[in-house]
Amino acid sequence: MTMNVHSTDMMAPPVAMTLSETGLSLVMMRDILLKTMFRTNLELISDLERTLCLPARVVQELIDMCRDGGLVEAMGTLHAGSKSSEMGYRLSDTGKARALDALSQSEYFGAMPVPMQVYAKQVKRQSIRNIHMSREQLTGAMGHLILPPDLLDQLGPAVGSGRSILMYGPPGNGKSSISNGIRDALGDKIFVPRAIEYSGQVITVYDPIVHTLAEEEDGDPNALRRVSKKYDRRYVLCERPTVITGGELTLDMLDLVYNPTARTYTASLQLKSTGGVFIVDDLGRQADPPQALINRWIVPLEENKDILALQSGEKFEVPFDTLVIFSTNFHPNKIFDKAALRRIFYKIKIDGPDQEGFLKIFAMVAKKKGMPLNQEALVHLLKTKYPTIDNIYANYQPVFLIDQMLSICSFEGISPQMSPELIDRAWENMFVKEEEIVH
C-alpha cells in the first residue's frame with residue numbers, strides 16, 4: 001500500500017555519531033556496556049555494535065573510555081594477518097565488579113535506550129495526526145465488508161484526524177471488523193524505540209507481540225552497517241502498531257509494569273501503541289466501569305500527553321499520539337456522562353444491515369464457504385423466521401446460519417446444501433428462548 005505520510009527517510013531518527021549525540025549520560029552508557037559484556041561474553045566491536053545498537057565508532061569510543069578507566073582490557077587481534085581481524089576486549093576484574101554492582105541496580109542490558117526528550121521529537125516526526133486518509137485507502141482496507149453507504153463518510157474524517165472514535169450499536173454488526181479495517185488502512189511504517197530512558201530508568205517499549213517488523217534483520221554485519229547509516233538503530237522500523245483489548249482490560253494495564261526482581265520497567269499498553277491504534281473492544285464488559293476507563297484517558301485525549309509514574313512515585317510526561325477506538329454494544333448515554341462524551345471527538349453508530357444488505361452478505365459468505373444458494377430456503381428465512389424477531393438483521397447472522405447448516409450436512413453425511421428444514425435447525429441455535437429454568 002502507498003505510504004500515507006512522509007517517506008521513512010524523512011521520518012527517520014538521525015544516527016548518533018558520538019557518545020554525546022546519544023543524549024545519555026556517560027555513566028549509564030558505561031554501565032550498560034559492562035553489563036552487556038558480562039551477560040553475553042561479547043568481545044568484538046562488531047558484535048557489540050549489533051547488540052548495543054550503536055555505530056561502531058561510538059562503541060569504540062565507549063570501549064576506549066572504559067579502557068582508560070581500567071574497566072576493559074584489550075585481548076589483542078584475532079585472526080592475525082586477515083583483513084577481517086578485530087581487536088578483542090574483555091572485562092577486567094574491576095570491570096566485572098562494576099558490572100555486578102550495576103546489575104544489582106538494574107538487570108537491563110543490550111540496546112542503548114533513547115532519552116525521553118529525544119523520543120518525543122521522533123513521535124512528532126511520525127505522528128498519526130499527519131496521516132492523510134483517502135476514501136480509496138479506507139475503501140480498499142474494508143472492501144471485504146458490506147457497509148452502509150454513508151458509513152465511510154463518517155469514518156474517513158475521523159480516522160484522518162487521528163482523534164478518538166466511539167463506535168456503538170447492536171452486537172454482531174462488525175464494529176470489531178471495522179476497527180481492524182481502520183488499522184489496515186493506515187498502511188505506513190514508523191520507528192519504534194527498543195527502550196526509552198527517563199531519570200536514569202530504562203523502559204522497554206518494543207514488543208514483538210504488538211510491533212510487526214517492517215524489514216528483516218538478517219544478521220549480516222555488512223547489511224547492518226549499510227542500514228545503520230540510514231537511521232538510529234536504537235529504533236526498529238515497524239508497521240504502525242495496533243493494541244487490541246477487550247473485557248480483560250484493567251486500569252493498571254495503562255501504567256508502567258515494574259519487574260521488582262530485574263528492577264526494570266516495561267511500557268504500558270498505550271505507550272506501546274504510540275503512533276498507531278489502540279482499540280478498546282466490548283467497552284462495558286471490563287471489570288472497571290467505562291466511566292473510570294474514559295476518565296483515565298481524559299488528559300491524554302485532550303492534551304496529547306500521558307502521565308506515568310516510577311516506583312519512586314515520581315511522575316513524568318510521555319507523548320500520547322494514538323488513535324483510540326472505543327467499541328461498545330451499549331448506548332453511550334448509559335455508560336458515560338456528558339463530560340466524558342464531549343472528550344470523544346467522533347461518535348459513530350454502527351447499525352445492522354437492511355434486508356438488501358443482509359442478502360448481499362449471505363450470498364458472499366455462501367460463495368466463500370461453498371454453500372449453494374436455495375431460493376425456497378431464503379424465502380423461508382425471510383418470510384417465516386425473521387418476522388419472529390421483528391426483521392432485525394445483523395452482520396454476524398449469515399456466517400452463523402451457514403456454518404450451522406454446513407455442520408448439519410457433515411453430520412448427516414449429505415453434500416453442502418440449504419433447505420427450509422436446515423434453516424429451521426440452524427435458527428434454533430442462534431437464539432436462546434425466553435423461559436424460566438426450574439431448579
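The basis for the numbers below is simple: all heavy atoms, side chains too, and nothing from hydrogens, waters or symmetry mates.
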With the side chain counted from C-beta on, respond yes when [X] and [Y] share a heavy-atom pair under 4.5 Å apart, and no when they do not.
X: Leu52; Y: Leu33; value: yes
X: Leu34; Y: Val72; value: yes
X: Thr40; Y: Phe109; value: yes
X: Leu283; Y: Phe330; value: no
X: Ile348; Y: Leu155; value: yes

> Going through the checks in order, is the side-chain hydrogen bond (donor to acceptor under 3.5 Å, both in side chains) test met by Tyr235 and Arg233?
Replying inline: CA-CA 5 Å; Tyr235 294 84; Arg233 295 298 293 183; over 6 Å; no
> Sequence neighbours excluded, which residues qualify as ring pair (Phe, Tyr, Trp, His ring centres under 6.0 Å) partners of Tyr265?
Replying inline: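 If we apply the ring pair (Phe, Tyr, Trp, His ring centres under 6.0 Å) test to Tyr265, skipping adjacent residues, the hits are Tyr258.
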Looking at [options], which hits side-chain contact (heavy atoms from CB on, under 4.5 Å) with [X]?
X: Tyr89; options: Arg67, Met75, Glu73; result: Arg67
X: Thr245; options: Leu293, Leu269, Thr250, Leu254; result: Leu269
X: Met112; options: Thr36, Leu62, Val59, Thr51; result: Leu62

>> Under the criterion side-chain hydrogen bond (donor to acceptor under 3.5 Å, both in side chains), I'd like the reasoning laid out for Asp306 against Gln270: C-alpha separation, chi angles, the key distance, then a yes or no.
In response: CA-CA 9 Å; Asp306 196 11; Gln270 77 272 25; 2.5 Å; yes
Donor-acceptor contact present, side-chain [X] to main-chain [Y], <3.5 Å:
X: Asp207; Y: Ile209; result: yes
X: Thr22; Y: Leu24; result: yes
X: Ser268; Y: Leu256; result: no
X: Arg240; Y: Gly275; result: yes
X: Asp101; Y: Ala97; result: no

> Parallel, tilted or perpendicular for Trp297 and Phe326, by the 30°/60° rule?
Replying inline: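 Geometry flag for Phe326 against Trp297: perpendicular rings.
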> Which of parallel (below 30°), tilted (30 to 60°) and perpendicular (above 60°) describes Tyr396 and Phe400?
Replying inline: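 The rings of Tyr396 and Phe400 stand perpendicular, inter-plane angle above 60°.
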Hey, are [Y] and [X] close enough side-chain-wise for a donor-acceptor pair under 3.5 Å?
X: Tyr119; Y: Glu197; value: no
X: Arg57; Y: Gln60; value: no
X: Glu86; Y: Ser46; value: yes

>> Pair Val202, Thr264 - check side-chain contact (heavy atoms from CB on, under 4.5 Å), show working.
In response: CA-CA 7 Å; Val202 179; Thr264 58; over 6 Å; no
Short N-O contact, [X] and [Y], less than 4.0 angstrom:
X: Arg98; Y: Asp93; answer: no
X: Glu302; Y: Arg343; answer: yes
X: Arg90; Y: Glu43; answer: no
X: Arg39; Y: Glu107; answer: yes
X: Lys124; Y: Asp321; answer: no

>> Evaluate Phe358 against Tyr386 for ring pair (Phe, Tyr, Trp, His ring centres under 6.0 Å), listing each step before the verdict.
In response: CA-CA 11 Å; Phe358 171 84; Tyr386 270 98; 5.1 Å; yes
>> Applying side-chain contact (heavy atoms from CB on, under 4.5 Å) to Leu100 and Phe38, what does each step give before you reach the verdict?
In response: CA-CA 8 Å; Leu100 287 169; Phe38 185 86; 3.5 Å; yes
> Is Lys347 atom NZ crowded by more than 12 heavy atoms from other residues, nucleotides or ligands, each under 6.0 Å away?
Replying inline: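 Correct, the count exceeds 12.
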Distance (rounded to the nearest 0.5 Å) between [X] [atom1] and [Y] [atom2]:
X: Leu71; Y: Thr94; atom1: CG; atom2: OG1; answer: 6.5 Å
X: Ile344; Y: Met167; atom1: CD1; atom2: CE; answer: 12.0 Å
X: Leu48; Y: Ile45; atom1: CG; atom2: CD1; answer: 6.0 Å
X: Ile196; Y: Gln122; atom1: CD1; atom2: CD; answer: 12.5 Å
X: Leu152; Y: Glu136; atom1: CG; atom2: CD; answer: 10.5 Å
X: Glu21; Y: Leu54; atom1: CD; atom2: CG; answer: 11.5 Å

If you compare all heavy atoms of [X] against all heavy atoms of [Y], which two are closest, and at what distance to 0.1 Å?
X: Glu239; Y: Asp188; value: OE1-O, 3.7 Å
X: Cys238; Y: His211; value: SG-CB, 3.8 Å
X: Pro290; Y: Gly284; value: CG-CA, 3.7 Å
X: Glu317; Y: Met116; value: O-CG, 4.0 Å
X: Leu310; Y: Ser199; value: CD1-CB, 4.5 Å
X: Pro170; Y: Asp351; value: CD-OD1, 4.1 Å

>> So, using side chain to side chain contact (heavy atoms under 4.5 Å, CB included) as the criterion, who are the partners of Lys369 when residues are at least two apart?
In response: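 So Lys369 forms a side chain to side chain contact (heavy atoms under 4.5 Å, CB included) with Val365, Val399, Ile402, Asp403, Leu406.
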>> Between Asp255 and Arg296, is the salt bridge (charged side-chain N to carboxylate O under 4.0 Å, His left out) condition met? List the steps.
In response: CA-CA 10 Å; Asp255 296 324; Arg296 172 64 180 79; 3.8 Å; yes
> Going through the checks in order, is the side-chain contact (heavy atoms from CB on, under 4.5 Å) test met by Asn259 and Thr266?
Replying inline: CA-CA 8 Å; Asn259 183 327; Thr266 301; over 6 Å; no
>> One pair to check against side-chain hydrogen bond (donor to acceptor under 3.5 Å, both in side chains): Asn130 and Gln126. What are the steps and the verdict?
In response: CA-CA 7 Å; Asn130 293 339; Gln126 58 194 24; over 6 Å; no
>> Under the criterion side-chain hydrogen bond (donor to acceptor under 3.5 Å, both in side chains), I'd like the reasoning laid out for Gln117 against Tyr198: C-alpha separation, chi angles, the key distance, then a yes or no.
In response: CA-CA 9 Å; Gln117 67 272 19; Tyr198 176 80; over 6 Å; no
